[in-house]
Amino acid sequence: MQPLRKTVGSVRPEKAEASALEVSGLTVRFGARTILDGINFDVRDGEFLCIVGSSGSGKTTLLRVLAGLARPAEGKVQFAGAEISGPSRDRAIIFQDYSKALLPWRTVRGNVALSLEARNVPASEQDAIVDELLGIIGLSRAKEQFPSQLSGGMQQRVQIARCLAQDPKLLLMDEPFGALDAMTRQSLQDEILQLVADKKIATVFITHDLEEAIYLGDRVIVLGGSPAGIMETMEIDLPRPRNQLTTREDGRFLAYRHRLFELLVQEHPPQAFEGKGQQ
Amino acid sequence: MRKPLLGAIIPVSFLGLWEVSSRAGLLTLESLSRPSDIIEAGYAGLRDGSLLLATLQTCETALLGLALAAVIGIAVGTILGLAPTAERIAGPTIEALRPIPAIAFMPLALMMFGFGVGLEASIVAYACVWPILIVTISAVRAIEGRLLEVAAVLELPVWKRMTKVVLPAAFARINVGLRVAAAISLVVAVTIEIVLNPRGLGYHLVLAQQSLQIGLMWAQLVWLCLLGFVLNLLLSRLGGGSGLMWRPL
């Protein structure tokens, strides 16, 4: 093992640390079909947890349950000590289809302000908060533009800003960078790491991109099987801050990738999984 | 400015031909006045205020009925659009009530309201509520589900959810229903005035015809035509002609 470099931002939490979110015995059904079966895991305070699995493995369903947008058939999901009964501002969700999740008739500023309006922040204070968030996420110059005038990466930034404006304690991200080009994806990966580290928000990040999961996560959970269950939970022992070059060239990074790839190839027929996780 | 000029060729030459052939004695139909007489009668009507008063009366009731229909249609349509179960319950009733010709309610409305604004506005509202209701239901149902989920995650209370998300998202489509209803409102208002209600442009139209003031009758007809044109223009401006009005709120 290499000596652990000094880590900045999200320090890897110890096992003993409190859980932000606890999932126990979670089973989800759509009609007669069981999608998720007996899922148990927790998200520790300030942790960045990634969930991977091939498409159709129930990743998105799991995230929707955590957001309160879907109901479990069995099992419990507890957040901050209370069972989840529906959507809440405390749990922000960033959807993959950013263009559908933004209000097309509102400017960037108006979209971010929606969260503040929901929180009943006085109108006189909204501008300053919006300006600060847009500054952080690099959208200051696009403030008065409409979503349709922005690139995909910028639209996703707007959605991230709106989610931060709702002041969440948990950030749920559903393949947020899946539709973006490689360069945009990399810079957003680094930005989101910085953001959640600064604000100490626990994050559940769903992706089918194995490298992305290893690069971002403190832990990676592999979903697989039908109905889906947890195949493996992998602690990612890589120094923070992560770096697009050195982290990805780290021997441990490659070992994790190897292990994850094998797991998913073994789970799924090769043609269904070709190329995933290596780009 | 070329196109309006080109477009004027047909009506202008038509009017010219009409005037000339009428003066030359080629047109002897009693029901046809001359363009010059029509303009004269219309001008007189405008000057003594009778035409404007009648216009005001017609517009008043048409707009009152339209506004009633809009409030009811948008409110009920939004509820039915958001709640499929409610729509299934109310659907058959709507389909049963909708085809009844609004005009058929005239005797009933006369008994309820007597002559006047109430009689006319209530029937206009009945006629106008259906297109607005049906368009609103489909407009609300067509709202991107993600937006409703965003509203849910933000825990927006019902009223804010409506005013900040649902109605702006559905507005462009609802506006189409409003325009259709606006045209209907004028038709129904004038019809009621012609048949029953002694006020407004429809009533004056019949009055002119019965007193054989053919020029005045024609002038009112032309006036009505202008009125409908302006009404439609106003509504399309209001909603953005493209049907996509996405401006900052």
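Within every chain, numbering begins at 1; the chains are lettered A, B, ... in the order of the sequence lines, protein sequences first and strands thereafter.
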Checking heavy atoms, do the side chain of [X], its backbone, both or neither come under 4.5 Å from chain B?
X        : result
A:Arg91  : backbone
A:Glu144 : neither
A:Arg109 : neither

Spatial distance of atom CZ (B:Arg146) from atom CG (A:Leu103) [nearest 0.5 Å]: 14.0 Å

Choice from A:Pro168, A:Cys163, A:Ser115, A:Ser148 maximising heavy atom contacts with chain B below 4.5 Å: A:Ser115

Contacts of type side chain to side chain donor-acceptor pair (under 3.5 Å), residue A:Glu191, not counting sequence neighbours: A:Arg157

Working for side-chain contact (heavy atoms from CB on, under 4.5 Å), residues A:Gln166 and B:Val153: CA-CA 10 Å; A:Gln166 72 188 72; B:Val153 170; 3.7 Å; yes

Salt-bridge contact B:Lys160-A:Glu117 (side-chain N to carboxylate O under 4.0 Å): no

Atom of B:Ala152, atom of A:Pro87 and distance for their closest heavy-atom approach: O-CB, 3.5 Å

Toward chain A, the part of B:Glu155 with a non-hydrogen atom under 4.5 Å: both

With A:Ile129 via side-chain contact (heavy atoms from CB on, under 4.5 Å) - residues at least two apart: A:Leu116, A:Val121, A:Leu133

Donor-acceptor pair, side chain of A:Arg89 and main chain of B:Leu154, under 3.5 angstrom: yes

Test log, rule side-chain contact (heavy atoms from CB on, under 4.5 Å), inputs A:Leu114 and B:Val150: CA-CA 10 Å; A:Leu114 183 70; B:Val150 167; 4.3 Å; yes

Stepwise side-chain contact (heavy atoms from CB on, under 4.5 Å) test for B:Leu147 and A:Lys100: CA-CA 7 Å; B:Leu147 292 182; A:Lys100 293 180 179 173; over 6 Å; no

